[in-house]
*Asks:* 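One structure is given below, represented as structure tokens, and several questions about it will come after.
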Amino acid sequence: MTANDFERYNPREKEPFWQKTWDEKETFTVSDEIPADPYYVLEMFPYPSGRIHVGHVRNYAMGDVVARFQRARGKTVLHPMGWDAFGMPAENAAMANKVHPREWTYANIAAMRTQLQSMGLSLDWSREFATCDEAYYHRQQMLFLDFLEAGLVTRKTSKVNWDPVDQTVLANEQVIDGRGWRSGALVEQRELTQWFFKISDFAEELLEAIDGLDNWPEKVRLMQQNWIGRSEGLRMLFEVATEQSPAKTIEVFTTRPDTLFGASFIALSADHPLAAELAKTDPALVDFIAECHRMGTAAETIETAEKKGFKTTLEVKHPVIEGATLPVYVANFVLMDYGTGAIFGCPGHDQRDLDFANAYGLPVIPVILPEDADPKSFTITDEAYTGPGKVFNSGFLDGLDVEDAKAKIAQTLETRLVDGKPQGVRQTNYRLRDWGISRQRYWGCPIPVIHCDHCGVVPVPKDQLPVRLPEDVEFDTPGNPLDRHPGFRNTTCPECGAEARRETDTMDTFVDSSWYFARFTAPGAETPTVPALANAWMPVDQYIGGIEHAILHLLYSRFFTRAMKKTGHIGIDEPFKGLFTQGMVTHETYKDDSGQWLAPTEVAIEMVGEERVARHIGTGKPVTIGSVEKMSKSKRNVIDPEDMIAAYGADTVRWFVLSDSPPERDVQWTEAGIEGAWRYVQRVWRLVNEASAVLDTSAETLDEDPASIEMLKTAHKAVDQITRDIAGLRFNRAVAQVYELTNAISKFLPAIAPAPSLTAIKALRTSVEFLIQTIAPMMPHLAESCWGVLGHDRMVCDTPWPEADPRYLVDDTVVLAVQVNGKRRGEISVAKDAAGPQVEEAALALDAVARILDGKSPKKVIVVPNRIVNVVA
RNA sequence: GCGGGCGUGGUGGAAUGGUAGACACACAGGACUUAAAAUCCUGAGAGGGUAUCCUCGUGCGGGUUCAAGUCCCGCCGCCCGCACCA
């Protein structure tokens with residue numbers, strides 16, 4: 001019998017078969033009982049854009065490996081799937097295609113569910129829900145009311161991007177170069193009263209708890225720390241020196257009070273009440289403030305804008321330099337919602353202040369001296385000095401280092417009174433702001449409150465929930481259809497019965513995704529959660545998703561879990577015990593000659609000499625190859641894996657996406673290599689069939705042949721390594737190990753096949769079974785098929801994970817590299833744990849070493865046991 | 001602008017401070033075949049040499065160390081996030 005006598009493995013037949021089998025046996029369904037040995041694996045649920053892309057495949061393939069692996073290790077695994085289904089694209093589709101957001105969304109979900117199911121994921125589909133399901137947003141409204149009652153919710157004003165032509169609020173991504181994406185109008189900032197979750201009350205707690213998240217990537221913990229942005233500083237009063245002034249003092253917050261002697265101006269936010277007060281008598285200031293408001297609200301926009309200021313008529317007294325005054329500006333780079341909305345500018349030691357001072361001709365006085373600098377000649381021109389050093393040019397602070405100077409100036413100002421108050425108060429500040437959840441949109445969870453002229457803001461009584469989204473809405477005009485829907489908007493006050501107005505804002509979709517993981521533990525419950533079940537399953541043992549969610553989604557979820565604990569819905573603080581952030585899948589972008597984005601499937605690329613040239617497949621017209629970016633629908637650079645799955649099967653595609661790149665790294669998508677994955681699938685199938693034929697032969701001899709021992713060693717070492725790699729989510733390394741095991745079996749099998757001994761057959765069975773068991777989490781359908789060929793009745797997914805026998809993991813001899821002056825010159829084979837002098841002797845005996853030493857004795861010989869020898873000549 | 005990350009052959013990548021390039025893809029040569037596909041074998045970082053070998057080499061420039069892809073300092077390039085994209 002030869003290789004060609006076996007039929008090829010046909011995924012088109014086998015994959016649906018196994019999927020149906022798992023489904024019928026409810027293999028991956030978990031009961032509503034309290035689990036004994038729970039393991040909760042969750043991948044970030046997708047937005048139902050309509051089609052999955054390779055980024056999803058990568059994400060869900062990884063999660064599935066973890067789920068199947070933990071299941072094989074005996075855990076009761078919860079591995080659910082749902083849909084992050086509210087959000088803007090559905091409304092955009094409604095406007096563009098006259099299709100209702102609900103219809104569009106559920107059709108997309110159906111299409112994506114089919115695609116996901118073709119991947120053969122070990123999901124418990126019985127727990128599936130979408131956040132736009134009435135049942136889900138009903139419970140979310142319950143949570144909102146509980147949070148409101150617990151004092152976790154507040155109302156205040158904040159700024160939005162306003163499109164003056166479309167008369168609507170724009171998301172940051174809808175503002176392009178300062179203009180509304182649809183109307184092209186210059187965007188303005190506008191204040192609205194909105195709902196907020198008081199996440200800033202939890203700033204310290206959220207910050208401290210980061211220390212306990214030891215199964216999170218260090219980079220994410222750092223990003224969250226920086227985002228919360230705890231800083232210790234001084235709130236201080238500057239006395240206004242100008243007689244005609246609406247205020248006697250200006251309060252600033254600074255983290256660098258040590259640089260006070262270097263202060264050369266005061267800057268107020270354009271939204272500062274004092275700026276508004278001054279503007280009443282100064283038309284030019286009105287214009288300046290208006291100019292500041294003529295831009296978007298995104299931090300990036302504000303911070304990259306050119307630094308601009310307006311000099312007011314006010315001056316303040318310098319607190320520590322007798323007789324000196326500082327001018328007061330209104331400036332576009334000072335944020336009202338951080339600190340007090342006013343700063344003192346020290347150009348020498350803050351880059352923004354320096355840029356501002358250089359633009360307006362303000363003095364730059366260095367007051368911190370770097371270690372080796374000369375105080376007489378040290379000057380600052382274009383680059384502020386923010387490092388450590390000794391304070392100088394600073395009167396009584398001279399000679400102190402930065403920290404001591406901060407303490408001393410704080411002490412001084414604390415004891416002084418200005419306008420009856422201490423001039424300085426030490427204060428801990430956080431960058432983290434409250435979470436604004438109001439959205440002026442239709443396709444979101446309605447905020448369940450009613451506005452009454454007599455009673456104020458009245459929560460909708462729980463027995464009147466859910467507040468449903470009305471079906472009969474129009475998207476012909478921009479703006480929120482709920483706001484112009486009389487049937488929805490007009491209601492009566494639950495308290496006094498008078499005519500009242502329903503809140504027409506809906507919730508930020510981040511709210512939806514801040515507790516879905518808890519809902520999965522009891523997806524049908526009348527209450528938001530069943531605390532006993534939530535507590536049994538949670539926290540999520542392994543959460544997997546894109547690095548782009550490192551801050552907002554994860555931080556909001558951490559807050560939400562605490563808020564749910566306060567309101568009795570769950571008993572834990574942290575939702576995600578283990579976090580893994582996968583890298584982005586990127587692809588080239590393409591544009592045709594009219595500037596329209598083209599999908600990769602519409603483009604043909606060929607090599608003309610050294611250059612890659614792209615043409616439109618249909619029209620043959622030239623295509624511009626653009627930059628490589630994260631796959632997104634708007635730039636059309638997404639790759640739909642459906643064709644690939646149809647052509648090669650899910651296993652090949654899963655194997656392919658897992659095999660090459662380290663999972664945390666971004667990958668530039670290319671199909672190069674899929675053929676190799678496909679061939680590997682066939683190779684495993686062939687190998688198992690060939691092995692199976694040998695396993696069926698009867699043997700009598702029981703030779704302890706070295707080849708079989710070697711085979712067993714290789715197999716056990718592979719299992720050991722693969723187990724550790726999968727547990728550590730290093731899938732690409734696990735794959736490499738699997739290849740090595742496969743290569744070893746491929747050599748071993750033909751060697752023993754003609755006359756196998758009992759030992760050889762045993763070694764072969766162990767090796768091949770280890771191979772199939774270790775590929776099972778990655779290529780589950782192929783593994784089940786092979787497992788059957790090997791004569792098993794029980795499915796491999798129900799079979800316990802193999803254990804490596806420690807006896808096979810050790811070697812008697814080791815090969816050591818021998819270096820001379822750090823350069824490799826040869827190698828020696830010595831007994832494991834051989835004594836230093838022996839190793840040294842063997843190393844010096846090498847020809848190459850002797851030649852370089854040229855008769856001289858070495859200065860030093862470094863022997864690192866079982867690793868390396870370095871001869872220092 | 002601020003915060004975080006990444007950078008290794010033709011390609012994806014591997015490497016507790018200890019033999020750089022495991023494993024795979026692509027490629028080339030060979031075997032099998034009427035032929036192709038599939039499969040199997042062999043080769044390969046770059047440069048030099050018949051060969052044993054030698055020199056260079058992990059984005060760039062310095063440094064620490066017996067030893068640096070790995071640690072430190074300074075750059076460059078790319079990617080992610082920046083609170084209304086999800």
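Keep in mind it's a predicted model, so treat the numbers as computed, not measured. Note: hydrogens, waters and symmetry copies are ignored here, and every other heavy atom, side chains too, is used. Convention: sequence-line order gives letters A, B, ...; per-chain numbering from 1.
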*Asks:* Salt bridge or not between A/D163 and A/R182? Use side-chain N to carboxylate O under 4.0 Å.
*Replies:* no
*Asks:* Using both distances under 3.5 Å as the test, list the Watson-Crick or G-U wobble partner of B/rG7, or none.
*Replies:* B/rC76
*Asks:* Give a yes or no on whether a donor-acceptor pair under 3.5 Å exists between the nucleobase atoms of B/rC82, that is its base, and the side chain of A/E300.
*Replies:* yes
*Asks:* Between B/rG5 and B/rU19, how far apart are the P atoms? Round to whole Å, please.
*Replies:* 27 Å
*Asks:* My understanding is that only one of A/T506, A/D508, A/N480, A/T509 makes a side chain to side chain donor-acceptor pair (under 3.5 Å) with A/R439; could you say which?
*Replies:*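 Single pass found, and it is A/D508.
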*Asks:* Which nucleotide, if any, forms a Watson-Crick or G-U wobble pair with B/rA22, using both distances under 3.5 Å?
*Replies:*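 Base partner found: none.
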*Asks:* Detail all sub-3.5 Å separations between protein N/O atoms and N/O atoms belonging to nucleotides 75-78 of chain B.
*Replies:*
none

*Asks:* Donor-acceptor check, side chain of A/N689 to backbone of A/W685, threshold 3.5 angstrom: yes or no?
*Replies:* yes
*Asks:* Between protein and nucleotides 48-70 of chain B, map the contacts as a letter string: B base, S sugar-phosphate only, - none, heavy atoms under 4.0 Å, written 5' to 3'.
*Replies:* ------SSS---------BS---
*Asks:* Encode nucleotides 8-13 of chain B as B, S and - characters from 5' to 3', where the letter depends on protein heavy atoms closer than 4.0 Å: B to the base, S only to sugar-phosphate, - to neither.
*Replies:* ----BS
*Asks:* Could you tell me how far B/rU58 sits from B/rU8 if I compare only their P atoms? Round to whole Å.
*Replies:* 11 Å
*Asks:* State, to 0.1 Å, how close A/M778 and A/V735 come at their nearest heavy-atom pair, and which atoms those are.
*Replies:* SD-CG2, 3.9 Å
*Asks:* Checking side-chain polar atoms at under 3.5 Å, does A/N429 have a donor or acceptor matched by the opposite partner on A/S231?
*Replies:* no
*Asks:* Find the partner of B/rA28: check Watson-Crick (N1-N3 plus N6-O4 or O6-N4) and G-U wobble (N1-O2, O6-N3) distances, both under 3.5 Å, and reply none if neither fits.
*Replies:* B/rU42
